[in-house]
Amino acid sequence: MPELPEIETIKRVLLPQMKDATIKTLTVKRPEVIAYPTAGEFCKRLAGQKICDVNRRGKFLTVLLESGDSFTLHLRMTGCLLVTPSDYPAEKHTHIVFELDNGNEIRFSDTRRFGRFWFFQNGETDSYSGIDKLGLEPFDRRLTSEYLKDRFGTRRKSIKECLLDQSAIAGIGNIYSDEILFAAKLLPKRPANTLIIDEWQRLISKISEVLIYFIEKNAVTPEEYLQGKGQEYRNTPFLRVYGNDDKPCPICGELLCKTVIAGRSCVYCPTCQGETEGI
DNA sequence: CGGCCCCTGACG
DNA sequence: CGTCAGGGGCCG
């Protein structure tokens, strides 16, 4: 469910609520959500630790502890993190509760239970979560048209798939790949090896533009975030194509089309994104 | 690469 | 009832 803009929002909302808090105890109700090392070890190691920072990398969050230990998490499709007063009613499917020394709790809930946590001791290398296989952050200055052309320029795979490839660019998912391609006026199914340098350039500039736009649109206060159960802050009204199939294109008014690319649903405007300009 | 897996819930 | 969902991993 959440992509880079949502993860960034979660980080911004939760960091001030977690920073400098100490984890008194924690409860893991579903051991399978702890991918490394084990649920028992996860609880034992984290109890008593003080939180000093939260970082985002792609769609991952890493919580840094004063000791130098850390834990990394990925929310996958339906994962949700909330900081709540300890007497706040619990969400269904709450799998981990961190009891903090400031009267609050960090709660992880996840309907589909795809989300995962990994714990690492100070100095231990994370070769488990997949965070080490991520490509460039979308706002990295090294993300240039040359970088993408080198990586994908001779490949036939669609540019939609290129955007979803976390080992090339980290953080773009199915919603924002559609939004970025719409903004860049490029057909999602275009094979990467047919793009000219100007088109790569356009794609690059729209990647950061669209993601920054949605990070801003998603901004919420901690109160609003909690009120919306960590879900409702997502500003679907601002999406221009995703979820709007069979509705008119916001630019030209033609009906948007829906298709499937690499097993993922994909919405685009055949006119604005240039159906006629060569597949 | 496609296909199937992990899960629950919403919707047709 | 079947299909689909914004995640990723694994398998042949």
Side-chain angles (χ1 to χ4, degrees), chain A residues 1-10 29-36 39 56-62 72-81 90-96 108-118 126-135 138 151-152 154-182 188-189 191-193 207 210-211 213-215 217-218 228-246 256 258-268:
Chain A
M1 135 194 309
E3 304 179 27
L4 185 149
E6 289 77 27
I7 303 299
E8 183 63 29
T9 300
I10 293 169
K29 294 167 188 175
R30 286 281 190 172
E32 66 266 36
V33 303
I34 310 301
Y36 180 83
R56 182 195 58 73
R57 173 85 171 94
K59 302 173 198 169
F60 289 87
L61 286 174
T62 297
T72 291
L73 60 101
H74 195 301
L75 298 174
R76 298 277 165 88
M77 295 284 270
T78 53
C80 176
L81 278 179
E91 292 301 293
K92 201 178 171 187
H93 305 293
T94 295
H95 307 313
I96 308 181
F108 167 69
S109 61
D110 188 353
T111 308
R112 292 174 72 179
R113 241 179 294 142
F114 292 166
R116 289 295 179 267
F117 286 66
W118 300 262
D126 175 2
S127 56
Y128 297 91
S129 70
I131 206 168
D132 60 330
K133 296 181 182 61
L134 293 178
R151 188 141 182 146
F152 298 119
T154 63
R155 307 206 47 192
R156 261 205 309 259
K157 78 168 169 180
S158 70
I159 51 176
K160 162 98 171 166
E161 291 171 88
C162 297
L163 289 180
L164 291 172
D165 182 346
Q166 302 298 300
S167 71
I169 309 171
I172 300 169
N174 206 33
I175 295 180
Y176 296 110
S177 57
D178 281 3
E179 296 297 319
I180 289 163
L181 289 165
F182 178 76
K189 67 181 173 193
N193 63 5
I207 287 170
V210 167
L211 294 177
Y213 171 82
F214 280 100
I215 289 171
K217 289 298 182 188
N218 281 351
K229 306 276 172 59
Q231 311 276 350
E232 286 168 28
Y233 68 92
R234 277 171 264 162
N235 269 286
T236 46
F238 296 102
L239 296 174
R240 295 203 284 173
V241 286
Y242 184 87
N244 292 332
D245 45 302
D246 291 332
L256 297 175
K258 185 173 186 173
T259 185
V260 174
I261 294 175
R264 315 297 301 275
S265 70
C266 174
V267 182
Y268 65 99

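A, B, ... follow the sequence lines: proteins, then strands. Residue 1 opens every chain.
- The aromatic rings of A:Phe108 and A:Phe117 sit perpendicular to each other, their planes meeting at more than 60°, with 30° as the lower class boundary.
- Between the OH atom of A:Tyr176 and the C1' atom of C:dG6 there is a distance of 9 Å, given to the nearest Å.
- Looking at heavy-atom distances under 4.0 Å, A:Glu32 makes no contact with the nucleic acid at all.
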Is there any protein nitrogen or oxygen under 3.5 Å from a nitrogen or oxygen in nucleotides 3-5 of chain C, and what are the pairs?
residue	atom	partner	partner atom	Å
C:dA5	OP1	A:Ser265	OG	3.4
C:dA5	N3	A:Arg112	NH1	3.2

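- Residue A:Glu3 is the one, among A:Glu3 and A:Gly130, whose nearest nucleotide of DNA chain C lies closer to the 5' end (criterion: closest heavy atom).
- Across the protein-nucleic acid pair, A:Lys59 atom NZ and C:dG9 atom P stand 10 Å apart, rounded to whole Å.
- Taking the side-chain hydrogen bond (donor to acceptor under 3.5 Å, both in side chains) definition, one finds that A:Arg116 meets it with nothing, sequence neighbours left out.
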Checklist line | Full working for side-chain hydrogen bond (donor to acceptor under 3.5 Å, both in side chains) between A:Ser167 and A:Lys133 | finding: CA-CA 6 Å; A:Ser167 71; A:Lys133 296 181 182 61; over 6 Å; no

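- If you measure from atom CG of A:Asp110 to atom P of C:dG6, you get 15 Å, rounded to the nearest angstrom.
- Of the options A:Lys229, A:Lys92, A:Glu91, a side-chain contact (heavy atoms from CB on, under 4.5 Å) to A:Ser109 is made by A:Glu91 and by none of the others.
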Notebook entry, point to check: Under a cut-off of 3.5 Å for both distances of each Watson-Crick or G-U pair, what dot-bracket string does DNA chain C give, using [ ] for crossing pairs and | for inter-strand pairs?
Noted result: |||||.||||||

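- Heavy atoms of A:Arg155 sit under 4.0 angstrom from primed sugar atoms or phosphate atoms, though from no base atom.
- For A:Thr72, the side-chain hydrogen bond (donor to acceptor under 3.5 Å, both in side chains) partners two or more places apart in sequence, or in a different chain, are A:Thr62.
- Under the ring-ring contact (aromatic ring centres under 6.0 Å, His included) rule, A:His74 has a single partner from A:Phe60, A:Tyr128, A:Trp118, which is A:Phe60.
- Remark: the separation of the P atoms in B:dG3 and C:dT3 is 15 Å, to the nearest Å.
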Item checked: Audit row: A:Ile261, A:Glu161, side-chain contact (heavy atoms from CB on, under 4.5 Å) steps and yes/no -> CA-CA 8 Å; A:Ile261 294 175; A:Glu161 291 171 88; 4.0 Å; yes

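- Between A:Tyr176 and A:Phe214, the ring-plane angle classifies as tilted under the 30° and 60° cut-offs.
- Across the P atoms, B:dG9 and C:dG8 are found 22 Å apart, a figure rounded to whole Å.
- Judged purely by atom type and a 3.5 angstrom limit, A:Asp245 has no side-chain atom pairing as donor or acceptor with the backbone of A:Val267.
- Nucleic acid contact for A:Lys92: sugar-phosphate only, since backbone atoms but no base atoms lie under 4.0 Å from a heavy atom of the residue.
- Comparing the P positions of B:dC4 and C:dG2 gives a spacing of 16 Å, expressed to the nearest Å.
- Rounded to a whole angstrom, the distance from the C1' atom of C:dG6 to that of B:dC1 is 23 Å.
- Scanning DNA chain B 5' to 3' for nucleotides with an atom closer than 4.0 angstrom to a non-hydrogen atom of chain A gives a first and last hit of B:dC1 to B:dG9.
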Next item on the list: Carefully, step by step, assess A:Asp110 and A:Met77 under the rule side-chain contact (heavy atoms from CB on, under 4.5 Å).
Entry: CA-CA 8 Å; A:Asp110 188 353; A:Met77 295 284 270; over 6 Å; no

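- Residues that satisfy the side-chain hydrogen bond (donor to acceptor under 3.5 Å, both in side chains) test with A:Arg56, not counting sequence neighbours, are A:Glu8, A:Glu137.
- The distance from atom CD of A:Glu179 to atom CG of A:Leu239, rounded to the nearest 0.5 Å, is 4.5 Å.
- The interatomic distance linking A:Leu163 (CG) with C:dG6 (C1') rounds to 15 Å, in whole Å.
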